[in-house]
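All values below come from the heavy atoms of this structure, side chains included, with hydrogens, waters and symmetry mates left out.
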Amino acid sequence: MIGDFKAIVNGWVENFGLLSESWRVGIVVFALVFGTAAVAYAASHIVGALERKFSKTSNLWDDALLHAARKPVVAFVWVQGVYWAAEVAHRYSQAEIFKANDSMLQLGFVFVLVWAVLRLIKEGEGILASPVKMKQPMDYTTVNAVSKLSRAVVIITAVLIAMQSLGYSISGVLAFGGVGGIAVGFAAKDLLANFFGGFIIHLDRPFKVGDWVRSPDRNIEGTVEHIGWRLTTIRTFDKRPLYVPNATFTTIAVENPSRMTNRRISETIGIRYADVSLMPTIVADIRAMLEQHDDIDSKQTLIVNFLAFNASSLDIMVYTFTKTTQWVRFQEVKQDVLLKISDIIEGHGAEVAFPTRTLHLPDGVRLTGSQTDESRDQGSRSSSVKSAEKSQQRQAAGDAGDSGDSE
């Protein structure tokens, strides 16, 4: 069919005698380009209509396929139409640029196909990781890693096919890559270490995007924002971005508090030595309060015991776990627990202890610098007399000054 079309076009150009050959070639090229634009416009609207129609069905993959193919279909029409126009121009022109028509057509097809596959991979990534579109969405970090790997494979394969289309030997390129890869490996060992570190993160999944992570070995703590092939971006709690090379995570311990099941309340509360007789009752009431608390997980370890004789207090250990893992909610629950413990202690007439010191003196011993009531009174009277004398002296001096001014 394509051969017949070319024959018709060439016959019209050669046999139509009203215009010169250059004009006839120009008209045919313009007609082909205009027809290509019209077909591309129609193809875009047809695919768009199909996409709107299939969007009403429950199948998500036909929507993804049509959405991924819409722009590549238009690009395919343009590649084919421009190729035909270039072939017509090449037949009646000696320009060197038209000799690359076949190679450009092959490269155009490879580009369109790769573009469509990459768009399809992106659409599939959005479907698999979306909680709205999937009842049981896959982990975003895993889906993102598989998507990146798939795109890398598609691009590398496309580059090799393009090189083969341009006349380069793939076997020679692969052999060169095998020899040069050793040198590149030694020169870029840190880059490769980060790449494989990222691969291990995607494989083992010690954390994912959105997790709160910290390391006891390094000053690393924050929320994971992005896991790349070379760097992992962590947003610290003071809102600064922290870029950590992936190779770091292969040599350090990493905690993932986001995966904790409960948060712990561990407090030591002291009461006075004078309240030692109330200790069993206070301990029992605190334990009962925690067991009945709606936000305390009674299935986890719960300890309330008299712990030790401290220097200024009798210590009670309170050890329990909350149901929530959210930081703000945990602080609210902890505050409520501590206030209720305080109420229990006060309800029994006891008090929370604080560091105190009592000094006992033998009879008849007085502190140095102490004064009796009589001496304090005498001191007060003498100071009053002295103040009155000074006031009289200042008044006399003032009167003398006034008399001098009047003179």
Side-chain angles (χ1 to χ4, degrees), residues 118-119 121-134 136-156 181 184-267 295 297 300 321-335:
L118 293 179
R119 285 172 61 87
I121 292 174
K122 185 174 181 61
E123 290 294 325
E125 177 184 354
I127 291 176
L128 294 175
S130 174
V132 177
K133 298 179 179 180
M134 299 289 292
Q136 294 181 346
M138 297 179 63
D139 179 61
Y140 174 77
T141 304
T142 303
V143 174
N144 184 257
V146 174
S147 175
K148 289 179 181 178
L149 185 60
S150 301
R151 288 198 292 265
V153 170
V154 171
I155 292 174
I156 293 174
V184 173
F186 281 108
K189 60 179 182 179
D190 293 336
L191 182 63
L192 292 177
N194 291 326
F195 175 81
F196 285 107
F199 179 75
I200 293 299
I201 292 174
H202 289 302
L203 186 64
D204 292 343
R205 293 193 298 173
F207 53 82
K208 58 182 177 63
V209 174
D211 282 356
W212 164 28
V213 297
R214 64 180 300 272
S215 172
D217 301 334
R218 299 285 185 90
N219 189 20
I220 298 174
E221 185 171 11
T223 304
V224 179
E225 285 191 342
H226 177 70
I227 303 174
W229 288 112
R230 192 179 73 86
L231 293 173
T232 294
T233 304
I234 297 176
R235 182 73 59 175
T236 60
F237 292 137
D238 56 359
K239 300 304 179 183
R240 292 181 298 175
L242 179 64
Y243 303 99
V244 184
N246 289 333
T248 305
F249 294 107
T250 62
T251 58
I252 64 174
V254 179
E255 294 181 4
N256 191 340
S258 298
R259 298 180 184 177
M260 68 172 67
T261 57
N262 304 86
R263 283 189 179 273
R264 183 183 63 178
I265 297 177
S266 179
E267 296 291 332
D295 293 309
D297 191 352
Q300 304 296 326
F321 290 87
T322 64
K323 294 179 180 179
T324 182
T325 59
Q326 297 180 0
W327 176 250
V328 176
R329 178 58 184 161
F330 165 74
Q331 296 297 333
E332 295 174 353
V333 174
K334 183 177 180 180
Q335 172 182 285

* So do the side chains of Phe207 and Ile201 get within less than 4.5 Å of each other, counting heavy atoms only? -> yes
* To do: Go through Asn246 and Phe196 one step at a time and tell me if the side-chain contact (heavy atoms from CB on, under 4.5 Å) criterion holds.
  => CA-CA 8 Å; Asn246 289 333; Phe196 285 107; over 6 Å; no
* Among Lys239, Arg235, Arg240, which residue meets the salt bridge (charged side-chain N to carboxylate O under 4.0 Å, His left out) test with Glu225? -> Arg235
* **Those residues that, when tested against Ser266, pass side-chain contact (heavy atoms from CB on, under 4.5 Å) (two or more places apart)** => Arg264, Tyr319
* Partners passing salt bridge (Lys or Arg N to Asp or Glu O under 4.0 Å) against Arg329 (at least two apart in sequence or in another chain) -> Asp295, Glu332
* Enter the distance from Phe321:CZ to Thr261:OG1 here, rounded to the nearest 0.5 Å. => 8.0 Å
* Output the distance between atom OG (Ser150) and atom CD (Glu125), rounded to the nearest 0.5 Å. => 9.5 Å
* **Listed partners of Asp204 passing salt bridge (Lys or Arg N to Asp or Glu O under 4.0 Å), at least two apart** => none
* Applying the side-chain contact (heavy atoms from CB on, under 4.5 Å) test to His226, which of Ile234, Thr233, Val209 qualifies? -> Thr233
* **NZ-OG1 distance between Lys323 and Thr325, expressed to the nearest 0.5 angstrom** => 13.5 Å
* From Thr322 atom OG1 to Phe330 atom CZ, the distance as rounded to the nearest 0.5 Å -> 5.5 Å
* Would the number of heavy atoms belonging to other residues, nucleotides or ligands and lying under 6.0 Å from CZ of Arg230 be above 12? -> no
* **Partner residues of Asp297 under the salt bridge (Lys or Arg N to Asp or Glu O under 4.0 Å) criterion, sequence neighbours left out** => none
* Tell me, please, which residues at least two apart from Gln331 pass side-chain hydrogen bond (donor to acceptor under 3.5 Å, both in side chains). => none
* Asked: Who pairs with Gln300 by side-chain hydrogen bond (donor to acceptor under 3.5 Å, both in side chains), at least two apart in sequence or on another chain?
  -> none
* What pairs with Lys334 under salt bridge (Lys or Arg N to Asp or Glu O under 4.0 Å), at least two apart in sequence or on another chain? -> Glu267
* Structure fact -> In terms of heavy-atom contacts, Lys208 and Val224 come closest through O-CB, 3.6 Å
* To do: Sequence neighbours left out, what passes side-chain contact (heavy atoms from CB on, under 4.5 Å) with Thr250? Give chain and number order.
  => none
* salt bridge (charged side-chain N to carboxylate O under 4.0 Å, His left out) contacts touching residues 248-261 (sequence neighbours left out) -> Asp211-Arg259, Arg214-Glu255
* **side-chain contact (heavy atoms from CB on, under 4.5 Å) partners of Ala253, counting only residues at least two apart** => Pro216, Asp217
* side-chain hydrogen bond (donor to acceptor under 3.5 Å, both in side chains) with Thr236: which residues, sequence neighbours excluded? -> Asp238
* So, do Trp212 and Phe237 have ring centers that fall under 6.0 Å from each other? -> yes
* To do: Could you list the residues that satisfy side-chain contact (heavy atoms from CB on, under 4.5 Å) with Thr248, not counting sequence neighbours?
  => Arg218, Val244, Pro245, Ile252
* Structure fact -> d(Asn256 CG, Arg205 CZ) to nearest 0.5 Å is 12.0 Å
